[in-house]
**Q** 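This is the structure, below, for whatever I ask next.
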Amino acid sequence: MHGSSRWEPYRRAGRAAATVAVAGVLAGCADLPGEAEVRYAGDYGGHEPLAVLGYPSAGTLRTAQEVVWRTADGDTEELAALAAPGTTHSAPEATARNWISAFGAGARGKVTAEFYDEGSKRQSVVLYFHSTGQIKQIDVRSGMGGEDRDWYVYMDEADPAAVTAVPSWIPKTPGALGSRSAS
């Protein structure tokens, strides 16, 4: 009577999925997602979608998303881990704490990221936190050979006052400059 159980289709599906996974591992299948991809997919599904303006590269978009997600989650350690190598004086940890304190509430709501200019090596990104009306400009850059990540964010705002300062060239509304810096 085991085969006619209402749960049998689920059991068969589970066995089939396990068989495919084992076969892929035994065959050395390179198409299986790694830990980073699985985490990214979970983060993508677990956070408010990021509205995007401008022309991000895959790396600048992913880095900006991770900054917003880690800020929304209040995860100081993971946010600081996105810092560009060479940042000194414990600035990444202090910056992460400051960003979370200043922008955590806004990061949990609707956010627009405007990507300025071309993003193959570095890019300025302006984050608009709609629920709080806040604006934050960040700079991301590609990794250099031998570094742990492909993309990083500059995190050198250990002074809480510096965190919420908005450069004068940044418009109050997304898209006002056509995603081109004023310089």
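None of the values given here were measured: they were computed from a predicted structure.
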**Q** Dump the intermediate steps for side chain to side chain contact (heavy atoms under 4.5 Å, CB included) on Tyr40 and Glu35, then the final yes or no.
**A** CA-CA 9 Å; Tyr40 182 80; Glu35 182 180 334; over 6 Å; no
**Q** Just to verify, what does Ser101 make a side-chain hydrogen bond (donor to acceptor under 3.5 Å, both in side chains) with, not counting sequence neighbours?
**A** none
**Q** Test of understanding: with salt bridge (Lys or Arg N to Asp or Glu O under 4.0 Å), list the residues that count as partners of Glu78, not counting sequence neighbours.
**A** Arg39
**Q** When you compare the side chain of Trp151 with that of Arg62, does any pair of heavy atoms fall below 4.5 Å?
**A** no
**Q** Could you work out, with side-chain hydrogen bond (donor to acceptor under 3.5 Å, both in side chains) as the rule, every residue matching Thr71, not counting sequence neighbours?
**A** none
**Q** So which heavy atom on Ala64 is nearest to which on Val125, and how close?
**A** CB-CG1, 4.2 Å
**Q** Show your reasoning for whether side chain to side chain contact (heavy atoms under 4.5 Å, CB included) applies to Trp169 and Leu177.
**A** CA-CA 9 Å; Trp169 67 268; Leu177 293 178; 4.1 Å; yes
**Q** Could you tell me the separation between the OG1 atom of Thr164 and the CG atom of Asn98, rounded to the nearest 0.5 Å?
**A** 9.5 Å
**Q** Can you measure from OG (Ser120) to CD (Gln123) and round to the nearest 0.5 angstrom?
**A** 9.0 Å
**Q** Looking only at heavy atoms, what is the nearest atom pair of Ala102 and Val163, with distance?
**A** CB-CG1, 3.9 Å
**Q** Does the Asp156 side chain pair with the main chain of Ala91, one donor and one acceptor, at a distance under 3.5 Å?
**A** no
**Q** List the steps, then state whether side chain to side chain contact (heavy atoms under 4.5 Å, CB included) holds for Ser142 with Tyr152.
**A** CA-CA 6 Å; Ser142 64; Tyr152 296 92; over 6 Å; no
**Q** Please find the pair of heavy atoms, one from Thr76 and one from Ala96, that lie closest to each other, and give the distance.
**A** O-CB, 3.6 Å
**Q** If you compare all heavy atoms of Glu157 against all heavy atoms of Ala162, which two are closest, and at what distance to 0.1 Å?
**A** OE2-O, 3.7 Å
**Q** Can a side-chain donor-acceptor contact be found between Thr60 and Thr63 if the only test is distance below 3.5 angstrom?
**A** no
**Q** Which ring-ring contact (aromatic ring centres under 6.0 Å, His included) pairs, counting each pair once, include a residue from residues 119-138, with sequence neighbours left out?
**A** Phe103-Phe129
**Q** Can you list, pair by pair, the side-chain donor-acceptor contacts under 3.5 Å of residues 43-55, counting residues two or more places apart and other chains?
**A**
| residue | atom | partner | partner atom | Å |
| --- | --- | --- | --- | --- |
| Asp43 | OD1 | Arg70 | NH2 | 3.0 |
| Asp43 | OD2 | Arg70 | NH1 | 3.3 |
| Asp43 | OD2 | Arg70 | NH2 | 2.8 |
| His47 | ND1 | Asp43 | O | 2.7 |
| His47 | NE2 | Asp73 | OD1 | 2.9 |
| His47 | NE2 | Asp73 | OD2 | 3.2 |

**Q** Could you give the distance from CD1 (Ile170) to NZ (Lys136), rounded to the nearest 0.5 Å?
**A** 8.5 Å
**Q** Could you tell me the separation between the CD1 atom of Ile138 and the OG1 atom of Thr95, rounded to the nearest 0.5 Å?
**A** 12.0 Å
**Q** Write down the atom of Leu127, the atom of Ala113, and the distance for their closest heavy-atom approach.
**A** CD2-CB, 3.8 Å
**Q** Hydrophobic clusters here meaning ILVMFWY residues chained together by side-chain heavy-atom distances under 4.5 Å, can you tell me if Phe115 and Val140 are in one?
**A** yes
**Q** Around atom CD of Glu37, are there more than 12 heavy atoms of other residues, nucleotides or ligands at under 6.0 Å?
**A** yes
**Q** Would you kindly say whether Tyr116 and Gln137 are connected by a side-chain donor-acceptor distance under 3.5 Å?
**A** no
**Q** For Val38, which fellow cluster members are found when Ile, Leu, Val, Met, Phe, Trp and Tyr are connected by side-chain heavy-atom distances below 4.5 angstrom, either directly or through intermediates?
**A** none
**Q** Return the minimal non-hydrogen interatomic distance between Glu114 and Gly175, and the atom names on each side.
**A** OE1-N, 2.8 Å
**Q** Under a 4.5 Å cut-off applied to non-hydrogen side-chain atoms, are Leu79 and Trp99 in contact?
**A** yes
